[in-house]
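Structure first, then comments.
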There are 2 protein chains.
Amino acid sequence: MCCTMSAPKILDLGSLKKACKTCGLHDLCIPLGISDEELNLLEQIISRRRPLQRKEHLYRPGDRLHALYAVRSGTVKTYTLTDDGQEQVTGFHLPGELLGLDAISDGAHPCAARALETTSICEIPFDRLQELSSRIPGLQHQLFRMMSREIQTDEHFMMLLGKKSSEARMASFLLGLSNRLGARGFSRNEFNLTMSRNDIANYLGLAVETVSRLFTRFQSAGLVRVERKLIMIDDFDGLLKVSGTHTVEDVVTARDTAS
Amino acid sequence: MCCTMSAPKILDLGSLKKACKTCGLHDLCIPLGISDEELNLLEQIISRRRPLQRKEHLYRPGDRLHALYAVRSGTVKTYTLTDDGQEQVTGFHLPGELLGLDAISDGAHPCAARALETTSICEIPFDRLQELSSRIPGLQHQLFRMMSREIQTDEHFMMLLGKKSSEARMASFLLGLSNRLGARGFSRNEFNLTMSRNDIANYLGLAVETVSRLFTRFQSAGLVRVERKLIMIDDFDGLLKVSGTHTVEDVVTARDTAS
DNA sequence: CGCGACCTTGAAAACTATCAAATAATGTGG
DNA sequence: CCACATTATTTGATAGTTTTCAAGGTCGCG
């Protein structure tokens with residue numbers, strides 16, 4: 001994408017000085033579990049890019065793997081294109097999360113990543129990271145752990161898609177976002193959906209119309225309030241119940257009895 | 001290389017002598033892309049276990065991560081238990097495939113693994129593997145690649161579950177098995193399903209009855225012949241078409257017009 | 001102000017699950 | 001080795017959930 005303009009030293013601009021050590025996300029991101037000294041080495045290879053604007057791509061399918069990316073602020077959506085050109089959303093990535101791990105095996109990105117809002121990114125050249133990992137066992141271990149975590153998350157999500165009703169998927173999605181945002185210091189009760197209904201539907205394997213209906217249904221049931229992009233969670237236990245095994249009842253009846 | 005340590009010989013039993021070098025799977029498994037000398041080091045930490053009998057567990061949810069496992073022959077099914085105790089099949093693992101990568105992040109297995117038939121396994125103590133990876137960059141890279149590949153595969157599977165019809169899932173499943181078996185030197189046209197219809201259904205997010213019907217439907221359409229556990233693929237192109245975007249037609253009509 | 005993208009809502013259709021039952025395999029104990 | 005109990009698979013009929021199609025509504029932006 002952009003290689004001509006970037007000299008080895010990319011860290012010297014004032015706005016880019018802030019490093020892992022001062023990053024509020026450092027206990028969610030790579031630095032976790034490596035010593036201060038080692039962190040210095042890591043910081044030297046990490047650079048910041050100009051923030052991405054909404055709808056701007058971080059990488060596209062087929063792009064060579066040049067670096068891994070960590071979201072610093074904002075949201076990134078990853079997606080692939082199916083054989084017939086349709087979009088398939090594979091994930092939404094919040095601050096502290098690492099992007100591009102799926103590109104390592106082929107050396108090229110199998111999917112696209114693009115910003116859902118203005119987004120700030122840390123760039124970690126992969127070859128240098130790998131080199132450093134050989135020298136810093138803690139770093140290697142942390143990378144293994146992060147990849148393992150992603151595999152685990154994917155397995156969990158596969159269960160969601162394979163076994164759960166539309167209601168349960170939606171509830172899980174909202175609770176998941178709430179948790180992840182909470183872990184990053186944002187409110188767990190009230191947040192903005194940076195993605196469109198279409199993206200949510202696509203991600204959850206549902207039709208847009210279904211997602212829309214679920215929002216109204218959840219709202220009628222008193223689980224959440226929805227105001228366009230803004231979500232306010234009013235009943236965590238209720239959502240949990242819906243997200244769990246419970247196939248029906250609670251939410252559905254709340255609407256049916258009302259009508 | 002300061003590794004003349006007391007080389008814990010675990011390989012000295014006659015039946016266990018065969019090592020990676022002589023393993024027909026070595027270009028599908030960990031050894032891929034590391035030198036002969038390095039391979040010796042790797043072989044020293046790998047041991048073979050007594051073969052698993054059908055239905056025997058390799059590990060269970062919550063078991064501490066002690067080692068990664070590579071399937072040498074046979075098939076292993078991995079599955080988790082949902083909150084309400086139901087089984088959720090997360091994968092079927094053929095010779096040359098690595099098991100347990102999802103346990104690294106927590107240090108404990110989030111899922112269970114058990115043999116679907118008599119199965120031979122290589123055991124790779126994880127801490128030693130990690131240690132070795134620090135010293136052998138090629139090994140580290142290969143591990144990154146294998147984990148990345150799994151993430152990629154999972155993403156692909158998520159698309160299957162989220163976007164594809166029951167027919168497409170089934171066709172993809174059969175083609176996928178065929179390919180993987182073929183890559184391991186088995187026939188691509190004719191193979192045994194080592195898993196039950198129930199397992200297939202569970203894995204694909206379908207009801208058992210649906211799986212059963214799909215088999216008969218595929219057979220009526222001349223795509224495959226099914227004899228209990230034995231599958232013979234007669235029309236790869238047809239299956240491919242069904243597995244792709246094509247939502248209906250070919251297969252369904254083949255049956256409908258017949259009646 | 002009006003256009004276009006996004007979202008919501010309703011009605012009908014489609015797909016798949018569920019329920020029920022028959023048949024076929026497998027395993028077990030005598 | 002057989003008879004019985006058990007489990008797995010198939011098939012049919014019915015019901016439910018979710019999609020699709022169609023249309024109206026809302027928001028943001030030029």
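In what follows, every chain begins at residue 1, and chains take the letters A, B, ... in the order their sequences are listed. All values below come from the heavy atoms of this structure, side chains included, with hydrogens, waters and symmetry mates left out.
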Look at the side-chain N and O atoms of [X] and state whether any lies under 4.0 Å from the OP1 or OP2 oxygen of [N].
X: A/T210; N: D/dT17; result: no
X: B/K229; N: D/dA8; result: no
X: B/R213; N: D/dT10; result: no
X: A/S166; N: D/dT18; result: yes

To the nearest Å, how far apart are [X] [atom1] and [N] [atom2]?
X: B/I200; N: D/dA8; atom1: CD1; atom2: P; result: 13 Å
X: A/Q86; N: D/dT19; atom1: CD; atom2: C1'; result: 13 Å
X: B/Q53; N: C/dG27; atom1: CD; atom2: P; result: 13 Å
X: A/D199; N: C/dC7; atom1: CG; atom2: C1'; result: 13 Å
X: A/K55; N: D/dC29; atom1: NZ; atom2: C1'; result: 12 Å
X: B/M170; N: C/dA17; atom1: CE; atom2: P; result: 12 Å
X: A/R169; N: D/dT18; atom1: CZ; atom2: P; result: 8 Å
X: A/L214; N: C/dT8; atom1: CG; atom2: C1'; result: 13 Å

Do the non-hydrogen side-chain atoms of A/N189 and A/F236 ever get within less than 4.5 Å of each other? yes

Side chain of B/E209, base of C/dC19: donor and acceptor closer than 3.5 Å? yes

Can a donor-acceptor pair under 3.5 Å be found between the side-chain atoms of A/R217 and the base atoms of C/dT8?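 Result: no qualifying N/O pair found.
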
I'd like to know if the side chain of A/D235 and the backbone of A/D237 have a donor-acceptor N/O pair within less than 3.5 Å. yes

Look at the side chain of B/S105 and the backbone N and O of A/S148, then say whether any donor-acceptor pair between them is shorter than 3.5 Å. no

dist A/I151:CD1 -> A/H156:NE2 (nearest 0.5 Å) comes out at 15.5 Å

Test ring pair (Phe, Tyr, Trp, His ring centres under 6.0 Å) applied to B/F92 and B/Y203, step by step: CA-CA 9 Å; B/F92 303 109; B/Y203 178 60; 5.0 Å; yes

Identify, between A/V211 and B/R197, the residue whose nearest nucleotide on DNA chain D lies closer to the 5' end. B/R197

Do A/E87 and A/N198 have side-chain atoms, one donor and one acceptor, less than 3.5 Å apart?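 On atom types as modelled, these side chains do not qualify, holding no pair under 3.5 Å.
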
May I ask you to say what [X] touches in the nucleic acid, namely base, sugar-phosphate or nothing, with a heavy-atom cut-off under 4.0 Å?
X: B/S196; value: sugar-phosphate
X: B/S212; value: base
X: A/K163; value: nothing

Ignoring the backbone of B/T216, work out which of D/dT9, D/dT11, C/dT8 is nearest its side chain.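 Closest of the options to the side chain of B/T216: D/dT11.
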
B/A207 has a side chain; which of D/dC27, C/dA17, D/dT18 sits nearest to it?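 In terms of side-chain proximity for B/A207, the closest of D/dC27, C/dA17, D/dT18 is C/dA17.
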
Toward the 5' end of DNA chain C, which comes first, B/R54 or B/L206, by nearest nucleotide? B/L206

